[in-house]
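Heads up, the thing below is written out as structure tokens.
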Protein chains: 2
Amino acid sequence: MTTAGEDCCEVQCIHEDKVKLARRERLAEDTVTALADIFKTLGDATRLRILSALMRQELCVCDLAAVIEMSDSAVSHQLRVLRSQKLVKFRREGKVVYYSLADDHVRTLFAQGLEHVNE
Amino acid sequence: MTTAGEDCCEVQCIHEDKVKLARRERLAEDTVTALADIFKTLGDATRLRILSALMRQELCVCDLAAVIEMSDSAVSHQLRVLRSQKLVKFRREGKVVYYSLADDHVRTLFAQGLEHVNE
DNA sequence: CTAACATATGAACAATTATTCAAATGTAGG
DNA sequence: CCTACATTTGAATAATTGTTCATATGTTAG
């Protein structure tokens, strides 16, 4: 019956040795947060549809909106989130802004996720 | 100025050809949802801490709670989410339930995420 | 400068979700 | 059977988040 915040003195650990080992290997707070943010960003159907559409070619906001059948505004909002996590990059050409995948990690993560799903 | 729900007739697509191509390659609705669910599950600091602790060894609920310094209840709730996405598996030994990573996809996804973070 | 258009942004609302607390399982030992 | 303990569950609250609508940038053409 452990309660949050308690330290090891009062805790009824079943396996103190294992716990100590695991504690020593904990990830830094920042790392965990950053990692969670990446996955959180990938954890939305709209954003995945956007990324999926960008797999083959770069697309502008208007095109993306047409492909996934959502408003330009909604797409733009989500692109901002994707940008903030460096999952997409963009280039401007006149009035038009073209988005594309930021790097190959995105492809790999996407592919790995699909593999997990298809079993 | 596209609005949600419109079909291609009224939409002002900049590049009709690209849009048609991208539309043909869209993922199935179910696939996108399943993929989003996996990433959503990975997109939480508490759950990542749990998975990280399970990287080296199996641990029971009580131990996990001690490692990540949260209540047994909170951990149990999150383990249920991880189980529902088949990211962890468990075995019972008397009163104690031991959790471990479900398969190597979890490790790979985790590692890929870390790589993206560490740049 | 003005009009037209692509994109971005802000505020608001609805929906989802994580944690807590209390209580319920289920298991082992006396 | 009763107690102790590990884990699970349910309800409630608080916080986060996606979409919409209206409006604001910023760029190009006339």
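Numbers restart at 1 for each chain; the letters A, B, ... are given by sequence-line order, proteins then strands.
- Salt-bridge formation is detected for the pair A:Arg107/A:Asp104: a Lys NZ or Arg NE/NH1/NH2 atom is positioned less than 4.0 Å from an Asp or Glu carboxylate oxygen.
- At least one side-chain heavy atom of B:Asp103 sits under 4.5 Å from a side-chain heavy atom of A:Glu119.
- In this structure, A:Val106 and A:Val88 have side chains that are not in contact, with every pair of non-hydrogen atoms separated by 4.5 Å or more.
- Residues B:Glu58 and B:Arg91 form a side-chain contact, since some pair of their non-hydrogen atoms from C-beta on lies under 4.5 Å apart.
- Rounded to an integer number of Å, the gap from CZ of B:Arg92 to C1' of C:dA28 is 12 Å.
- At D:dT17, none of the side-chain N or O atoms of A:Gln78 fall inside 4.0 Å of OP1 or OP2 (strictly under the cut-off).
- In this structure, the nucleotide among D:dT19, D:dA6, D:dT7 sitting nearest to the side chain of A:Met70 is D:dT19.
- For DNA chain C, the residues of residues 50-60 of chain A within the heavy-atom distance limit of 4.0 Å (strictly under) are A:Cys60, sorted by number.
- Atom NZ of B:Lys95 and atom P of C:dT27 are 12 Å apart (whole Å).
- By the 6.0 Å contact criterion, CZ on A:Arg56 is open, its count of non-hydrogen atoms from other residues, nucleotides or ligands being 12 or less.
- Along DNA chain D, the nucleotide nearest to A:Gly94 and the one nearest to A:Gly43 differ in position, and the one closer to the 5' end is contacted by A:Gly43.
- Within 6.0 Å of NZ in B:Lys89 there are more than 12 heavy atoms belonging to other residues, nucleotides or ligands.
- Going from atom CD1 of B:Ile14 over to atom P of D:dT27 covers 16 Å, rounded to whole Å.
- We find that CG of A:Leu64 is positioned 12 Å from C1' of C:dT7, with the value rounded to whole Å.
- We find that CG of B:Asp72 is positioned 19 Å from P of C:dT25, with the value rounded to whole Å.
- Taking atom CG on A:Asp44 and atom C1' on D:dT19, their separation rounds to 10 Å, with Å as the unit.
- The CD1-C1' distance, from B:Ile68 to C:dT19, rounds to 12 Å in whole Å.
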At a cut-off of 3.5 Å, list every protein nitrogen or oxygen paired with a nitrogen or oxygen from nucleotides 10-12 of chain C, distance to 0.1 Å.
residue, atom, partner, partner atom, Å
C:dG10, O6, A:His77, NE2, 2.8

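- Judged purely by atom type and a 3.5 angstrom limit, B:Arg83 has no side-chain atom pairing as donor or acceptor with the backbone of B:Gln85.
- Under the 4.5 Å side-chain criterion, counting only non-hydrogen atoms from C-beta, A:Ile50 is not in contact with A:Tyr99.
- Within the 4.0 Å cut-off from OP1 or OP2 of C:dA18, not a single side-chain nitrogen or oxygen of B:Thr46 is found.
- One atom, CZ of A:Phe39, and another, P of C:dA18, lie 15 Å apart when rounded to the nearest Å.
- Between B:Tyr99 and D:dA6 there is no side-chain polar atom (N or O) within less than 4.0 angstrom of OP1 or OP2.
- Counting heavy atoms from C-beta outward, B:Leu79 and B:Leu64 have side chains that approach closer than 4.5 Å.
- Counting heavy atoms from C-beta on, the side chains of A:Phe39 and B:Arg47 never come closer than 4.5 Å.
- Contacts of A:Tyr98 with the nucleic acid, taken as non-hydrogen atoms under 4.0 Å apart, are absent.
- Each of C:dT27, D:dT8, D:dT20 was ranked by its minimum atom distance to the side chain of B:Arg83; first place goes to D:dT8.
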